[in-house]
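All remarks here apply to the structure that follows.
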Amino acid sequence: MIIVTGAGGQLGRAILEDLLEHVPAEKVAVSVRDPEKAQWLRERGVRVRRGDYAEPASLAHAFEGASQVLIVSAAATGDTALSLHRAAITVAKAAGARRILYTSHMGANPASLFAPMPDHAATEAALGESGVAWTSLRNGFYAATPLMLLRDALRTGELAAPQDGPVSWTAHADLAEAAAIILADEGRFDGPTPPLTGSEALDLADVAALAADLTGRPIRRVVITDEQYVASLLSHGVPEPRARMLVGMFAAGRQGEFAQVDPALADLIGHPPTPLRDVMKAALTEG
């Protein structure tokens, strides 16, 4: 069985949709915190079981019969994230999985200024120590991120954020397609993959220009200080630890941590990655 965690999330759901085009449903299982939300998979013949990284006993049942386990990174940071990931790795190994896959990031680096990146690097180290074959999917920065940054800009006409750097924004759909291909072709990559990125790196000035062109409204890129950005987030009710974590994304971007563009994703999925413009156009049209 190929076990996929996080099937309730945007990436996990998309991976399952693509995986079922490559692998018979009876060879696929999911581990989800709320099985009711995965009823659509059960109806397609996929085994659905409850599993929670914070409850290893539940994972033991969810991972039963595993040949491969895809661990989708937890929505946490720091010691909490690593503890949850280690629990999933330990249970996957005990379940007899031949290979463990993990949704990492192109910027995985213990010295990164953006808190999730050291977490990804630490999880990759834990995988390397596990004694089980593993693959780390070095996913590009999600193209959905600039859409969130644009929410206020579409209303105010100003995209106000700290100084940033170019980012190779990458569509969820392309990363899901790549993960499904790698799961279906077991052992295609051993250890970290090359960076799975879009084909161009754009900064927020580029994002503002794209948004203006797509909406027909002027949108100006305004650079503010890190502290001004934190204060803005706090005024919107964001807890300070999360605000400090988010500002780290810009600090890391200024150092070029997310600027690399690599052909590996296009080679893997057999077509050019979705341009950020197309992702934004679809989202703005839906909006």
Side-chain angles (χ1 to χ4, degrees), residues 2-12 14-15 30-33 51-56 58-60 62-63 66-142 145 170 172 175-176 178-180 182-183 186-197 241-242 245-246 248-249 252 257-258 260 262 264-265:
I2 296 175
I3 314 292
V4 178
T5 67
Q10 183 178 357
L11 182 62
I15 290 171
V30 297
S31 169
V32 291
R33 286 184 291 181
D52 189 327
Y53 295 166
E55 301 174 28
S58 70
L59 292 181
F63 291 2
S67 56
Q68 298 185 83
V69 175
L70 172 62
I71 298 172
V72 173
S73 57
T77 56
D79 291 342
T80 299
L82 186 56
S83 175
L84 294 173
H85 296 159
R86 283 187 181 277
I89 292 167
T90 298
V91 176
K93 179 178 180 178
R98 296 190 301 262
R99 179 172 294 275
I100 302 172
L101 298 92
Y102 170 69
T103 58
S104 186
H105 197 284
M106 65 173 293
N109 179 351
S112 175
L113 298 175
F114 187 35
M117 301 302 105
D119 298 340
H120 287 308
T123 300
E124 290 183 351
L127 285 164
E129 296 163 0
S130 70
V132 179
W134 59 283
T135 300
S136 176
L137 306 174
R138 288 281 184 91
N139 289 339
F141 218 116
Y142 294 151
T145 302
T170 313
H172 273 82
L175 294 171
I182 292 170
L183 282 165
E186 184 178 345
R188 183 163 185 161
F189 292 101
D190 197 42
T193 67
L196 302 174
T197 75
R242 178 164 177 78
M245 184 271 287
L246 290 173
M249 176 178 69
E257 293 187 24
F258 313 121
Q260 184 176 0
D262 194 285
L265 179 60

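- Not a single donor-acceptor pair under 3.5 Å links the side chain of Q68 to the backbone N or O of L101.
- Between the side chain of T5 and the backbone N or O of V72, at least one donor-acceptor pair lies under 3.5 Å.
- A side-chain donor-acceptor contact under 3.5 Å links T145 to the backbone of Y142.
- Taken to the nearest 0.5 Å, the CD atom of E186 stands 6.0 Å off from the CZ atom of R99.
- The distance from the CD1 atom of I100 to the OG atom of S130 is 5.0 Å, given to the nearest 0.5 Å.
- Distance check: I15 CD1 to H172 NE2 gives 9.0 Å after rounding to the nearest 0.5 Å.
- From M106, atom CE reaches atom CZ of F258 across 7.5 Å, with rounding to the nearest 0.5 Å.
- In this structure the side chain of Y53 reaches within 4.5 angstrom of the side chain of I71, judged on heavy atoms.
- A distance-only check finds a donor-acceptor pair linking the side chain of T193 to the backbone of R138 [under 3.5 Å].
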Could you pull out every donor-acceptor pair under 3.5 Å between side chains of residues 77-87 and any protein atom, sequence neighbours left out?
unit_1	atom_1	unit_2	atom_2	d
H85	ND1	A81	O	3.4
H85	ND1	T123	OG1	2.8
H85	NE2	A74	N	2.9

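- When side chains are defined from C-beta on, H105 does not count as touching P116, because their heavy atoms never get closer than 4.5 Å.
- Taking the side-chain contact (heavy atoms from CB on, under 4.5 Å) definition, one finds that S58 meets it with R50, D52, E55, sequence neighbours left out.
- A14 and A176 make their closest contact through CB-CB, 3.4 Å (heavy atoms, listed as atom of the first residue, atom of the second, distance).
- Considering CD1 of I182 and CG of L196, their distance stands at 6.0 Å, rounded to 0.5 Å.
- Among all heavy-atom pairs drawn from R98 and V132, the shortest one is O-CG1, 3.5 Å.
- Across every non-hydrogen atom of A76 and D119, the tightest pair is O-OD2, 4.2 Å.
- Going from atom NE2 of H120 over to atom CG of N109 covers 12.0 Å, rounded to the nearest 0.5 Å.
- Between T103 and L70 the shortest side-chain heavy-atom distance falls below 4.5 Å.
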Step by step, would you call V69 with V91 a side-chain contact (heavy atoms from CB on, under 4.5 Å)?
CA-CA 10 Å; V69 175; V91 176; over 6 Å; no
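- Across A88 and L59, no two heavy atoms sit closer than the pair CA-CD1, 3.9 Å.
- Across every non-hydrogen atom of A179 and L137, the tightest pair is CB-CD1, 3.9 Å.
- Shortest non-hydrogen contact noted between A264 and P195 is CB-O, 3.9 Å.
- With sequence neighbours left out, T170 forms a side-chain contact (heavy atoms from CB on, under 4.5 Å) with L175, T197, L265.
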